[in-house]
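The figures here come from the full heavy-atom set of this structure, side chains too, leaving out hydrogens, waters and symmetry mates.
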Amino acid sequence: MAVKLRHGVFMAPFHQTDENPTLLLRQDLQLMDLLDDLGFHEAWIGEHHSAGMETIASPELFIAAAAERTRHLRFGTGVVSLPYHNPFMVAERIVQLDHMTRGRVMFGAGPGLLASDALMLGIDPSVQRDRMAEALDVILRLFRGEVVTEKTDWYELVEARLHLPPYSHPHPEVCVASAVTPSGGRLAGRYDLGMLCVAAGENAGFDALDVNWRVAEEVAAEHGRTMDPGRLRLVVGMHLAETREEAMAQARHGLEAQIDYLNNNMPRLFLPDGVDPVEWYVEQGAGVIGTPDDAIARIERLQEKMPGFGAVLLNAHDWATWENTKRSYELYARYVIPHFERSNAPRQDSYRWVTHHQAELTEKRTAAARAMFDKHEAEWAAKRAGNGSRPAAGREATFG
């Protein structure tokens with residue numbers, strides 16, 4: 001049975017550095033309210049500690065606040081950078097959130113993307129992926145109720161066990177970040193986890209999708225398992241408006257600032273001098289800046305590349321103003337989500353059926369109306385025969 005495509009956001013977030021940071025955090029919470037009202041399914045919240053734009057340091061704190069404001073939206077850590085934390089403390093926080101949200105939390109794990117975060121903590125970026133693998137193994141064992149005694153060069157646990165069992169059975173869903181390297185796919189296959197493909201909208205990330213998924217499938221097969229594509233989530237940047245021209249004009253508010261930010265961390269988007277950044281971005285196919293139809297086309301392209309994948313996550317950003325950004329999410333909910341859910345298919349089928357039978361239905365309606373008039377006339381004729389005249393009614397009243 002095909003998996004129903006889910007829709008959500010992946011929120012780092014990316015906020016320009018000249019706005020009030022307190023208000024931006026409130027805006028991020030307001031976005032969660034909006035997504036919940038619009039029927040989105042998931043929101044993944046990032047962890048970052050430097051570089052200026054990505055302003056959420058604790059996804060757990062944010063999720064705790066957002067969960068109290070919403071009813072249906074599920075929340076994931078997108079992601080907890082495991083080398084920065086004692087794995088026992090991570091497991092404890094996630095299980096507490098699992099209880100506080102009544103099972104609406106998901107655990108996303110990664111090695112940490114920003115080298116500046118790692119360097120502030122005295123961590124060599126070259127060891128981050130190994131440390132993530134070590135921590136993830138411990139966290140999963142704790143989730144399963146094991147007692148862990150273990151010492152490494154960066155943490156020590158002595159008969160560590162969870163204070164609370166998970167609320168979810170057997171524990172919250174676990175996903176690992178995957179970009180271009182095969183590390184995420186290797187861990188997903190080894191431990192039977194979901195995958196967050198955070199660069200699926202970019203050319204290098206798109207090209208690596210099937211490669212990393214194949215790595216996950218091969219590793220899973222070594223452990224006697226198969227990978228479930230329904231737990232594969234693909235992240236794509238989008239901004240939508242009623243027309244492509246409007247969308248592109250609106251994205252000029254902040255797209256270039258995000259490109260500059262990404263290149264400031266690690267040069268990867270080589271924007272030629274003198275070109276319009278929005279036009280260049282669209283031409284490169286790095287994201288969608290256009291209409292709901294453009295969004296549908298991009299998602300269908302992803303489905304061709306990765307059949308049966310479970311969720312598309314919109315990369316939250318400030319390409320446009322807050323008002324235009326909210327409208328973009330509304331357009332997505334109004335036109336893109338129902339396209340993939342086929343929620344309008346019965347109505348559209350009904351409309352086509354009526355169109356096909358229009359002549360027959362018109363004749364039946366006309367015949368029914370004519371029969372009613374004839375019945376009315378016959379009844380009054382009988383009354384006239386016995387009681388005299390009657391007031392004007394029916395066709396006489398209508399047509400005189």
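When each of Gln258, Gln250, His253, His239 is paired with Trp319, the side-chain hydrogen bond (donor to acceptor under 3.5 Å, both in side chains) condition holds for Gln258 and for no other.
Within the structure, side chain to side chain donor-acceptor pair (under 3.5 Å) contacts touching residues 263-283 (residues at least two apart or in different chains) are Arg252-Asp276.
With respect to the salt-bridge test (charged N to carboxylate O, under 4.0 angstrom), the residues Arg214 and Glu217 do not qualify. Ion pairing between a basic and an acidic side chain is recognised when a charged N comes within 4.0 Å of a carboxylate O; Lys305 and Asp210 show such pairing. Checked for salt-bridge contact, Arg327 and Glu246 miss the test: no charged N lies under 4.0 Å from a carboxylate O. Salt-bridge formation is not detected for the pair Asp294/Arg298: no Lys NZ or Arg NE/NH1/NH2 atom is positioned less than 4.0 Å from an Asp or Glu carboxylate oxygen. For Asp192 and Arg231, the salt-bridge test passes: some basic side-chain N is under 4.0 Å from an acidic carboxylate O. Ion pairing between a basic and an acidic side chain is recognised when a charged N comes within 4.0 Å of a carboxylate O; Arg233 and Glu173 show such pairing.
By the side-chain contact (heavy atoms from CB on, under 4.5 Å) test, Tyr167 is found to be paired with Asp98, His99, Arg102, residues two or more places apart in sequence or in another chain being considered. Leu113 meets the side-chain contact (heavy atoms from CB on, under 4.5 Å) test with no other residue; sequence neighbours excluded.
A donor-acceptor pair shorter than 3.5 Å can be found between the side chains of His15 and Asp318. Side chains of Thr70 and Arg104: a donor-acceptor N/O pair is present below 3.5 angstrom, by distance only. His339 and Glu300 are linked by a side-chain donor-acceptor pair at a separation below 3.5 angstrom, with hydrogens and angles left out of the test. Side chains of Thr291 and Asp293: no donor on one and acceptor on the other come within 3.5 Å.
Between Phe88 and Tyr155, the ring centre distance reaches or exceeds 6.0 Å.
Put simply, CH2 on Trp154 and NE2 on His85 are 9.0 Å apart, with the number rounded to the nearest 0.5 Å.
In the hydrophobic cluster analysis, where Ile, Leu, Val, Met, Phe, Trp and Tyr join through side-chain heavy atoms closer than 4.5 angstrom, Val79 is grouped apart from Leu234.
Without hydrogens or angle criteria, Glu47 side chain to Ser81 main chain gives a donor-acceptor distance under 3.5 Å.
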